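What follows is one structure encoded as structure tokens, with my remarks underneath.
Residue numbering restarts at 1 for every chain, and letters A, B, ... go by the order of the sequence lines. Every value quoted in this text rests on a predicted model; they were computed, and no experiment measured them.
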Amino acid sequence: MVANLLDKIYDPHQVEDKWYHYWEELGYFRADENSEQKAYSIVIPPPNVTGVLHIGHALNNTLQDILVRFKRMKGYNVLWMPGTDHAGIATQNVVEKQLLEEGLDRHALGREKFIERVWEWKRQSGGTIISQLKKLGASCDWSRERFTMDEGLSEAVKEVFIRLYQEGLIYRSHYIINWCPRCQTALSDLEVEHQEEPGKLYHLKYPFKESDRFVIVATTRPETMFGDTAVAVNPEDERYQSWIGEKIILPVVHREIPIIADHYVDVEFGTGCLKITPAHDFNDFEIGLHHHLEQIKVIDEVGRMNKNAGPYDGLDRFECRRQVVEDFERDGVLLRVEDYPHMVGHCYRCKTIVEPNLSLQWFVKTKPLAESAIESVREGRTRIIPEMWEKTYFDWMENIRDWCISRQIWWGHRIPAWYCGQCEEVIVSKEMPASCPACASNRLIPETDVLDTWFSSALWPFSTMGWPKETKELKRFYPTSVLVTGFDILFFWVARMMMMGLKFMGDVPFREVYIHGLVRDEKGEKYSKTRGNVVDPLDLIDRFGADALRFTLASLTMPGSDLKLSESRTEGYRHFANKIWNASRFALMNLEHFNINEVPQDTPPEEFNLPDRWIRGRLNQTIRDVEKALDNYQFNEASHVLYQFVWHEFCDWYLELAKLTLYQEKEGKGKALTQQTLLEVLEAILKLLHPFMPFITEEIWQKLPQRIERQSIMVAPFPRPDRQFDDTMATDQMDQIMEVVNAVRRIRGEMNLPPGEQIVALFRTQKEEIEKQLRTNQSFIQLLAMVKEFRVGEHLERPPYSALAVCQDLEIFVPMNRSQMEEEARRLQKEISKLEKENVLVMKKLSNEQFLSKAPPEIVQEVKERAATFYTRREKLEESFKKIKEMIG
RNA sequence: GGGCGGAUAGCUCAGUUGGGAGAGCGCCGGCCUUACAAGCCGGAGGUCGCAGGUUCAAUCCCUGUUCCGCCUACCA
């Protein structure tokens, strides 16, 4: 028995971990910062350190791994920089939930102890996602793994913060921001998710101070009325011009507020009178600034009304709304209520409705940074793929607003600032200063806020490479070659990396950005826990193998669209893996006593037989197609090309044809050449597939007959086309064989001849050339079409009872019984009517003067030839049809 | 409100310089043929959303339209 004969069915479980460890131990994932080889680098979109791998990660990292493995095999010095981020709010929330279960909260614990708790949690769960990435096969350079809270990265954060502050690009200000009353922190605009909700529009009656008239304002949030500091009308609005400057008395709190004029007010909407609450609405805030209105907060940090809400002090904001509506209705302040669906902002982490709230926060002035980020994409220094996302990018960048970067949580990078308790000086510095530089006081109070997680993520492409130190890594691997990510973080992350990279490295962070879609379920729905449709990629890996999952994801990934994952697809690619496995088994069984190392490498192409030359030519084309597709991020195209070649050319045709040589010939030169081809093409297939299916390809690779220096397939050179085999003659001849075989098979299939039954076939042709080729390739045709008796000739007589197929200049007769002739007549009828339909279309073209004169001659020629083919085929089929009809009456 | 994407076989989708409509899965029929039943062979199935236009020729280009999805925005 052959020692390395493989099992009949491929079992991923037995091989995946083994090879991953092997690669890792041999250091194949490591980038070399000293190498002079051309560099290729990718930084991973860092997942949340305490997270677990979801299907989106699986897609994102599969695509990166395909690129990275491909480039390594192409000889690049590849760096795939891995790591995780600290996910400030999310992680803090998780740990707070744990505390809650213990009946504690973070305040009871204190800041220092709490942070220690989070680190503890990070130590516990931080390895999970990394080990899951390894299951997927991700070939990251783990020796360089980074975490956004690492010392080095924290240093980079401080450095950036200080430099931006010194340049006036970071400032601290009282401003209205999005506030999450549950997380109790400020959020950036991006961290608010807007959702339409059924709401109500309440019409409130505010009395004038000096008369018994009143204005009617419309609002969706009546509870904010205690913070109103004006009512605005449009100065153009004829109805209200005389009111401008008059005073109003707010109900309940009896505060006096003015009627002001502002063009912002839409005359058409509601009553045309707009209540202004500068402390709780973004627009009102702006209007308030213009008119120097007082800003009165009525809602506190946890979403409760404060003392400014008078009798409603202490009520939850929504409870207060209910109460206010009830009271106002009773008191006649509420005139009217109508249904009014509107967009409401929610915290992206906990989904609580955010509260626009006035507070003192830190901001990045983004406009100046955005300019060069826009420019570099416009100039093509960074290319966004697919291009349509550039528009979205520009749109956002051009309308960018200042970025609120301070968060009132504990887990994150502490803002490096201190306040003088004496003179209120603000000091921004890496270390705590000994005393206030302004007044020399040593009563310095540290800032308690931390930075937005995305602030540190924005530095990721260079902070991970050692910045602000000038490292070899930066020199060699920055800018990175490509960033692979989903569109959902285009603004959050990509745009901000662009700004920071340009600002601090003086160059874009990546040459290309490849944006992939979202993974959805087979119905096109987003995966979500609440929907209960989540798939666990690890479960899929367990059931189908990592290779099948990877190939599925790659084959579903086309630029610009989401992908709908279905299990049947993954199952299909498990079958594909098995097909590769069995093709390799076949090869191994037929490579006994064959030693590739003893074969001359310079055999001229003519010495190989037709199938050998053909498959090598097809391999050339496949290599070119795969490379082209990968260069253009057409993952679906690349996988499709490979699937098609491996299954439908290599397995379906080549292996079957090779059997002729392998089975029948004794040891000899012809057999050795086919064995050589078999092995070399299989090796090339494995290498082409390796970026997509790393595990199975390595497993087989290691079982193939040993070449003198066979190493891991990971470091094998990517196949290159061998131009000697770009052989159109071989292609044409094989096309002919396939056409003939298919024609006979169709007869067999349609006439219900059992596949095992050997048949007689007659090939009649008037062309000597065709006759010659048929004779040359007779044995191939006989083998594949199961023809025991093969007759070729110009004047062959049509057997009285026979089925007919017509190929180009060739009639094929398969003798039948008389009883089968009715079936044959039906079959011919069907074929004829099909031809008829096509013929009509073609004739229509040819009878069109305009077409003949205006279409390119080669097209006209082509159509003419097609017409001729249709004509002769139909003629022959009809002739046969008539004869049969005569015979069977 | 603005912007973007999609509509092709029963399902999921390819179709990149306009010239004979494809794949996978599913379905139907025949086969355990010594690599593979996770397989082999054959087959059926489409007015390419709708209406116009450009062109000798449109699934492809242009205009309009319907439906679906996404992003984005300050109409209370």
Side-chain angles (χ1 to χ4, degrees), chain A residues 5-6 8-10 194 201-202 217-221 224 232 264-266 268-277 281-287 340 342-343 386 388-389 391-392 395-396 399 487-488 490-491 517-518 522-524 544 548 555-556 558 560-566 568-569 571-590 632 634 636-637 640 643-644 648 651-652 655-656 659 663 742 745-757 784-786 838 841-842 845 848-856 858-860 862-863 866 870:
Chain A
L5 183 71
L6 306 109
K8 222 171 170 176
I9 286 178
Y10 171 62
H194 294 276
L201 194 59
Y202 303 90
V217 296
T219 179
T220 53
R221 307 195 53 201
T224 63
Y264 169 77
V265 181
D266 182 349
E268 308 280 318
F269 190 89
T271 57
C273 301
L274 174 63
K275 69 192 256 319
I276 304 295
T277 322
D281 183 281
F282 284 87
N283 302 305
D284 293 5
F285 178 80
E286 295 294 338
I287 293 170
Y340 188 72
H342 64 308
M343 300 295 268
M388 64 166 187
W389 289 108
K391 253 193 166 157
T392 313
D395 189 59
W396 188 71
N399 299 301
F487 57 81
D488 48 328
L490 183 62
F491 306 142
L518 223 61
E522 54 260 275
K523 285 183 240 122
F544 302 112
S555 72
L556 290 171
M558 41 233 139
S561 56
D562 288 349
L563 39 156
K564 287 180 197 141
L565 184 66
S566 72
S568 66
R569 199 78 188 245
E571 197 181 351
Y573 291 121
R574 181 186 60 176
H575 296 174
F576 181 49
N578 202 48
K579 188 75 178 174
I580 298 162
W581 184 254
N582 278 292
S584 307
R585 280 183 74 214
F586 171 81
L588 284 179
M589 290 171 175
N590 288 283
N632 292 301
Q634 294 172 318
N636 65 323
E637 176 67 12
H640 177 72
Y643 186 94
Q644 203 63 24
H648 297 304
C651 291
D652 286 353
L655 292 187
E656 294 305 320
K659 284 175 182 172
Y663 287 175
N742 284 334
R745 280 177 175 173
R746 204 167 306 129
I747 290 175
R748 300 184 65 110
E750 287 170 8
M751 300 302 287
N752 277 320
L753 300 180
E757 188 179 315
L784 296 189
M786 298 286 281
E838 293 183 74
L841 290 173
V842 174
K845 277 192 174 182
N848 182 347
E849 257 334 293
Q850 302 270 32
F851 173 72
L852 296 174
S853 59
K854 290 193 180 171
E858 61 274 17
I859 297 292
V860 176
E862 205 184 299
V863 174
R866 221 188 311 149
F870 287 157

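A heavy-atom distance below 4.5 Å is not found between the side chains of A/E838 and A/R866. Using a 4.5 Å heavy-atom cutoff, the side chains of A/D652 and A/E656 are not in contact. Annotation: side chain of A/Y573 is not in contact with side chain of A/F544 (no heavy-atom distance under 4.5 Å). Within the 4.5 Å cutoff, the side chain of A/V863 has heavy atoms near those of the A/F851 side chain.
Rounded to an integer number of Å, the gap from CG of A/L490 to C1' of B/rG3 is 14 Å. The distance from atom CE of A/M589 to atom C1' of B/rU34 is 8 Å, rounded to the nearest whole Å. Between A/L518 atom CG and B/rG6 atom C1' the separation is 15 Å, expressed in whole Å. Rounded to an integer number of Å, the gap from NZ of A/K564 to C1' of B/rG24 is 15 Å. Atom CE in A/M388 sits roughly 11 Å away from atom P in B/rC4 (whole-Å rounding). One atom, CG of A/L841, and another, C1' of B/rG19, lie 13 Å apart when rounded to the nearest Å. The CD1 atom of A/I859 sits 10 Å away from the C1' atom of B/rG20 (whole-angstrom rounding). Residue A/M786 contributes atom CE, which lies 11 Å from atom C1' of B/rC31 at whole-angstrom precision.
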All N/O pairs under 3.5 Å across the protein-nucleotides 15-17 of chain B interface:
| unit_1 | atom_1 | unit_2 | atom_2 | d |
| --- | --- | --- | --- | --- |
| B/rU16 | N3 | A/Q634 | NE2 | 3.2 |
| B/rU16 | O4 | A/Q634 | NE2 | 2.7 |

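Of the C1' atoms belonging to B/rC32 and B/rA38, the separation is 14 Å, rounded to the nearest Å. Going from the P atom of B/rU17 to that of B/rC36 covers 41 Å, rounded to whole Å. Rounded to the nearest Å, the gap between the P atom of B/rA9 and that of B/rC4 is 27 Å. Of the P atoms belonging to B/rG69 and B/rG29, the separation is 39 Å, rounded to the nearest Å. Rounded to a whole angstrom, the distance from the P atom of B/rC56 to that of B/rG46 is 32 Å. Nucleotides B/rC60 and B/rU8 are separated by 12 Å at their C1' atoms, to the nearest Å. Taking atom P on both nucleotides, B/rU12 is separated from B/rA73 by 32 Å, rounded to a whole Å. Spacing of C1' atoms, B/rC13 relative to B/rG19, comes out at 25 Å, to the nearest Å.
Below the 3.5 angstrom threshold, one finds a donor paired with an acceptor across the side chain of A/R866 and the base of B/rG20.
In a base pair of the Watson-Crick type (N1 to N3 plus N6-O4 or O6-N4) or a G-U wobble (N1-O2 and O6-N3), with each distance short of 3.5 Å, B/rC50 is matched with B/rG64. Base pairing of B/rG22 is made with B/rC13, judged by Watson-Crick or G-U wobble geometry with both donor-acceptor distances under 3.5 Å. Across all strands shown, B/rC28 is found opposite B/rG42 as a Watson-Crick or G-U wobble partner, with both distances under 3.5 Å. Look at B/rC70: its Watson-Crick or wobble partner, with both distances under 3.5 angstrom, is B/rG3. In this entry B/rU59 has no Watson-Crick or G-U wobble partner, no candidate having both defining distances under 3.5 Å.
Separation of atoms CG (A/L201) and NE2 (A/H342) is listed at 9.0 Å; rounding is to 0.5 Å.
Using a 3.5 Å distance cut-off with no hydrogens or angles, the side chains of A/K564 and A/S566 do not pair a donor with an acceptor.
Atom CD of A/E849 is surrounded by 12 or fewer heavy atoms from other residues, nucleotides or ligands within 6.0 Å. Crowding of A/E268 atom CD: a count of heavy atoms from other residues, nucleotides or ligands under 6.0 Å not exceeding 12.
With A/R748 contributing its side chain and A/M786 its backbone, the two residues share a donor-acceptor pair below 3.5 Å.
Residues that satisfy the side-chain contact (heavy atoms from CB on, under 4.5 Å) test with A/T271, not counting sequence neighbours, are A/H203, A/I216, A/Y240, A/C273. Every side chain to side chain donor-acceptor pair (under 3.5 Å) that A/Y264 has, sequence neighbours left out, goes to A/N283. Looking at residues two or more places apart in sequence or on another chain, you find a side-chain contact (heavy atoms from CB on, under 4.5 Å) between A/F285 and A/Y175, A/I176, A/L289, A/Q295, A/L358.
With RNA chain B read from its 5' end, the first of the two nearest nucleotides for A/F586 and A/N752 is the one closest to A/N752.
Nucleic acid contact for A/M558: sugar-phosphate only, since backbone atoms but no base atoms lie under 4.0 Å from a heavy atom of the residue. If you check every strand for non-hydrogen atoms under 4.0 Å, A/L655 touches a base. Residue contacts for A/S555: at a heavy-atom cut-off of 4.0 Å it reaches no nucleic acid atom on any strand shown.
If you check B/rG19, B/rG20, B/rU12 against the side chain of A/A855, the one that comes closest is B/rG19.
Considering every non-hydrogen atom in both A/W581 and A/I9, the closest pair reads NE1-C, 3.8 Å.
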Generate the contact string for nucleotides 71-76 of chain B. Rules: B means base contact, S means sugar-phosphate contact only, - means no protein heavy atom under 4.0 Å.
-SBBBB
So if I define the base as every atom that isn't primed, P, OP1 or OP2, how would nucleotides 36-43 of chain B read as a B/S/- string at a heavy-atom cutoff under 4.0 Å?
BSBSSSSS
Would you please test A/N636 and A/Q634 for side chain to side chain contact (heavy atoms under 4.5 Å, CB included) and show each step?
CA-CA 5 Å; A/N636 65 323; A/Q634 294 172 318; 4.1 Å; yes
